[in-house]
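One structure is given below, encoded as structure tokens.
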Amino acid sequence: MASLIARVTSTSPRSPLTRLLTAPLGLDVWEVKPDYVVLQADEVQAGRLEAMGYIVDQLQMIEPYVSTFATEAAVTGNHTVATLEQDLRRLAEEHSEIAELHEIGRSVEGRPLLALRIGERRESARKVAFFGCHHAREWISVEVPYRLAEYLLGNSSSDPVQGWLQQGEVWVAPMVNPDGHEHTRTTNRLWRKNRRRNEGGSIGVDPNRNYGYMWGTLDVSTSSHVPSDETYVGPRAFSEPEVRAVRDLVARQLFGGVLSYHSYSQLILYPWGYTSEAIDDETDHSEMRAHAEKMEQLIRGVHGARYKAQQSSKLYPTAGDTADWTYGEYDAPSFTIELRPSSAMDGGFILPADQIQPCWEENRPAALEFIRSVLGKPPS
Ligand SMILES: [Zn+2]
């Protein structure tokens, strides 16, 4: 069925935009702004939205969107599963005194899930983690944490990086969902989930809805119990091997902070995602909010790009995401950064290749500030 990118607005109090997000409509929501929502829908879904009182403007059909943005040139500068593994191995070999490549698990299709440990002392008490590519189509979310690892290793003999790496460890896992990533490269550029074969014949669980804190407590378009939906939460918490690999790594390393990269929309999100209530603990809440706002300033200071700091559920409700779990279960300050671009018509999930470098450059000081906040405290 023909699929389109639609901009949905509402002038009717009978059908507010918030209801669009809190109903189980099976929509693939791309972008949420105060006065409109951008989503991918087929013609039947679009018709249903109009019948509910929404105004549905077609921005573009999916096919011309993909052929406009997913050009051969747009592949340049992005890792594949294979080149990422090569580059992570090379980094670990070139810096074997402070870096170690770990296989933390295997994907549904048996691909190794890789995490690079960076730090001078093994088993130090202070550790921070960066994850990328829970969602297959979000290619830039591989490149930012990969380049962070490269940067830390390239600058490991000068301060402040040297000092941090003497006191603690940075773990970087740039591609949590390699099966999905491979599928976006070979078959469907807009694939989101992993490659689990679901009961009933559909494929894929959303790895960023499969974590075990408040798992499955919502049933909405952006956190769905329908296996064929883009945000399918899975049959139970931690049903997916990719998510269990992250769970077990976090349980072993007890990170003092976790940052997970996604795209797109240019946002800095902090818990909760599962509820619009703020975190109970006022100190935690104000610290995370202040840290998110600081990252917003740091990012903007590089190339002027605006990333908005906000509570995760303010984007849309999600239960079972990474940050809710690492904060809810471990009290670790936890963030999700939605990278470039800001809108679908600037490429959406298919970021033009010439923006990879500036996107990394603007995220570097925010990532370093996060590392400093976790590892950089003076030794006690
Ligand atoms: Zn994502």
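Ligands are counted one by one from 1 in listed order, and the atoms in each one are counted from 1 as well. Since the model is a prediction, treat every value here as computed from it, not as a measurement.
- Sorted by first and then second residue, the ring-ring contact (aromatic ring centres under 6.0 Å, His included) pairs involving residues 7-48 (not counting sequence neighbours) are W30-Y65, W30-F349.
- Looking only at atom types and distance, the side chain of H262 has a donor-acceptor partner in the side chain of E138 under 3.5 Å away.
- For the Zn ion (ligand 1), protein N, O or S atoms closer than 2.8 Å were enumerated as H135 ND1, E138 OE1, E138 OE2, H262 ND1, with waters left out.
- More than 12 heavy atoms of other shown residues, nucleotides or ligands fall within 6.0 angstrom of atom CD in E97.
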Exercise for review: Check the pair R89, E85 against salt bridge (Lys or Arg N to Asp or Glu O under 4.0 Å), reporting the backbone distance first and the verdict last.
Suggested key: CA-CA 6 Å; R89 287 197 189 288; E85 178 167 348; 2.9 Å; yes
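- In this structure, R185 fails the cation-pi test against W139, since its NZ or CZ atom is not both closer than 6.0 Å to the six-membered ring centre and inside 45 degrees of the ring normal.
- To the nearest 0.5 Å, atom CG of residue L84 and atom OH of residue Y146 are 7.5 Å apart.
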